[in-house]
Amino acid sequence: MTVDLRSDTVTRPSAAMRSAMAEAEVGDDVYGEDPTVNALESRVAAMLGHDAGLFTPTGSLANLLGVRTLVEPGDEILADSLAHILRAELGGHAVLGGVTTRTWVSPDGTFRAADPLRMMVPDGGDYQVSTAAVAVENTHNFSGGRIADLAELERLRAGTSAAGVFVHLDGARLANAHVATGIGMDTYGRLADSVSLCLSKGLGAPVGSVLVGSHPRIAHARVLRKRYGAGMRQAGILAAAGLWALDNNVARLADDHKRAAELASALAAVRPEIVDPAAVQTNIIVLDLSTLEIDAATFAGQAAERGVLLSVLSPVTARLVTHLDVDDAGAERAAEVLSGLLRK
Ligand SMILES: *Cc1c(COP(=O)(O)O)cnc(C)c1O
């Protein structure tokens, strides 16, 4: 049996989720007539402390629409240098939204409000680019599933509001932050003007994200979604999977976190320099392989030959992600295989 730790996107819908999809009541969502989509949108909006929601096929699109409602073409959004919106959305914000960006660097992956607050230029006049928004990612994917500290997010909100700058929260894995900290998703959500949440990551739905915000913002995003060609019709079949995931797969994220922590500890016991278990807060482990004799791709290749799949983030870093389809036995097997390779 292969243990696939490349990403929490690899999960497959369970039989129960599939039957919820099969039984979904549907209508034409471009006409606003799909009751299941409408139910999902209002449920996620309330869950994240906002008035309205919009179902999208991907998290990238939810981010693109959210950011585009906050930032006019030519203005900028500030983001962490490892932000998913800048590193893994193929330049969509620039190509399709005309949005420009500047980045700050978080040396150990920890979010500090002072970084964007120091960089903001809310009114650049006719010489400098104006800062329209700041993006935060919670949890932070490429920093190893780091949780942004609530006090720092509050500091960001206070500073940006005073300057008339918006906040976008890429909450692809906000449910992981919520389960790990016990802080409500609405508490996090209210500190941003637009928030995206992925249903297709650890929550286990096959497809879908939801963008939330105020009624006018979401109405604007709805127009943009159709313009980009993503107005879907009987999408309730997909939204039903999201509703099922919210009912059944949120609390269990704690199991993924526990397995990631155990896996990180097992690897650190062999090679303490490759991972600090204390830094593994949710379901993602980033390994620093710079002290190995082999590069990350070779390491991943050797692991794959032994049935454990991981992703290569750079020549010296690899990522392991625990999820719904990896049980205790799978996590233990991964720990055994990877420790064996690291011991060599
Ligand atoms: C996965 C992910 C997204 C969205 O990705 P899609 O593949 O487009 O659904 C957005 N932000 C973060 C942090 C992610 O990990």
Side-chain angles (χ1 to χ4, degrees), residues 4-13 40 44 48 53-68 77 79-93 95-97 99 101 103 106 109 111 133-148 153 167-178 180 185 188-189 192 194-212 221 224-225 228-230 232 235 238-239 241-242 245 253 256-257 260 281-286 310-311 313 317 319-324:
D4 192 346
L5 297 171
R6 287 172 303 164
S7 174
D8 45 10
T9 56
V10 301
T11 55
R12 274 170 263 235
L40 177 68
V44 175
L48 300 185
L54 186 71
F55 185 50
T56 61
T58 65
S60 296
L61 185 62
N63 283 333
L64 178 65
L65 299 178
V67 168
R68 182 58 192 81
I77 189 163
D80 181 275
S81 63
L82 296 178
H84 191 281
I85 62 166
L86 304 186
R87 294 213 60 211
E89 299 180 8
L90 303 189
H93 299 267
V95 174
L96 301 165
V99 170
T101 46
T103 56
S106 309
F111 172 69
V134 172
V136 188
E137 191 175 307
N138 197 15
T139 66
H140 195 300
N141 183 344
F142 297 127
S143 299
R146 289 293 181 105
I147 298 165
L153 295 170
V167 174
H168 174 71
L169 170 58
D170 178 350
R173 294 188 183 79
L174 192 63
N176 293 82
H178 157 65
M185 284 190 256
Y188 286 119
S194 58
V195 188
S196 64
L197 174 81
C198 267
L199 302 163
S200 59
K201 299 276 167 76
L203 297 180
V207 170
S209 278
V210 180
L211 174 73
V212 306
L224 295 171
R225 185 185 65 173
Y228 291 143
M232 298 181 287
L238 302 173
L253 291 171
D256 299 341
H257 298 171
Q281 300 175 329
T282 56
N283 68 326
I284 303 179
I285 305 169
V286 172
L310 42 98
S311 356
L313 296 186
T317 47
R319 188 187 67 177
L320 310 171
V321 187
T322 55
H323 54 77
L324 195 55

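A quick note: this is a predicted structure, and the numbers were derived from the prediction, not measured. Just so you know, residue 1 is the first one in the sequence shown, and it goes up from there. Order of appearance sets the numbers: ligands from 1, and atoms from 1 within every ligand.
In terms of protein heavy atoms, atom 7 (O) of ligand 1 is closest to Ser60 OG, 4.5 Å. Of the protein's non-hydrogen atoms, Glu137 OE2, 3.2 Å is the one closest to atom 13 (C) of ligand 1. The nearest protein atom to atom 1 (C) of ligand 1, hydrogens excluded, is given as Lys201 NZ, 1.3 Å; this is a heavy-atom distance. Atom 9 (O) of ligand 1 has Gly59 N, 2.8 Å as its closest protein atom, hydrogens excluded (heavy atom only). Summary of contacts: the protein heavy atom closest to atom 10 (C) of ligand 1 is His84 ND1, 3.3 Å. In this structure, atom 11 (N) of ligand 1 lies nearest to the protein heavy atom Asp170 OD2, 2.7 Å.
Side-chain atoms of Met185 and Val195, non-hydrogen and from C-beta on, never get closer than 4.5 Å to each other. Put simply, the side chain of Ile285 does not reach to within 4.5 Å of the side chain of Leu5, judged on heavy atoms. Contact check for Val286 versus Leu313: side-chain heavy atoms found under the 4.5 Å cut-off. Residues Phe111 and His140 have side chains not in contact (no heavy-atom distance under 4.5 Å, counting atoms from C-beta outward). Using a 4.5 Å cut-off on side-chain heavy atoms (C-beta onward), His178 and Leu253 make no contact.
Atoms of ligand 1 found under 4.0 Å from any heavy atom of Glu89 (numbered from 1 in listed order, with element): 10 (C). The ligand atoms of ligand 1 that sit less than 4.0 angstrom from a heavy atom of Thr58 are 8 (O), 9 (O). In the vicinity of Asn63, heavy-atom distances shorter than 4.0 Å reach the ligand 1 atoms 10 (C), 11 (N).
Under a 4.0 angstrom heavy-atom cut-off, Arg173 registers as being in contact with ligand 1.
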TODO: Go through the steps for His257 and Asn176 under the test side-chain hydrogen bond (donor to acceptor under 3.5 Å, both in side chains), then give the verdict.
DONE: CA-CA 8 Å; His257 298 171; Asn176 293 82; 3.0 Å; yes
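Residue contacts with ligand 1, taken as heavy atom pairs separated by less than 4.0 Å, involve Ala172 solely via side-chain atoms from C-beta onward.
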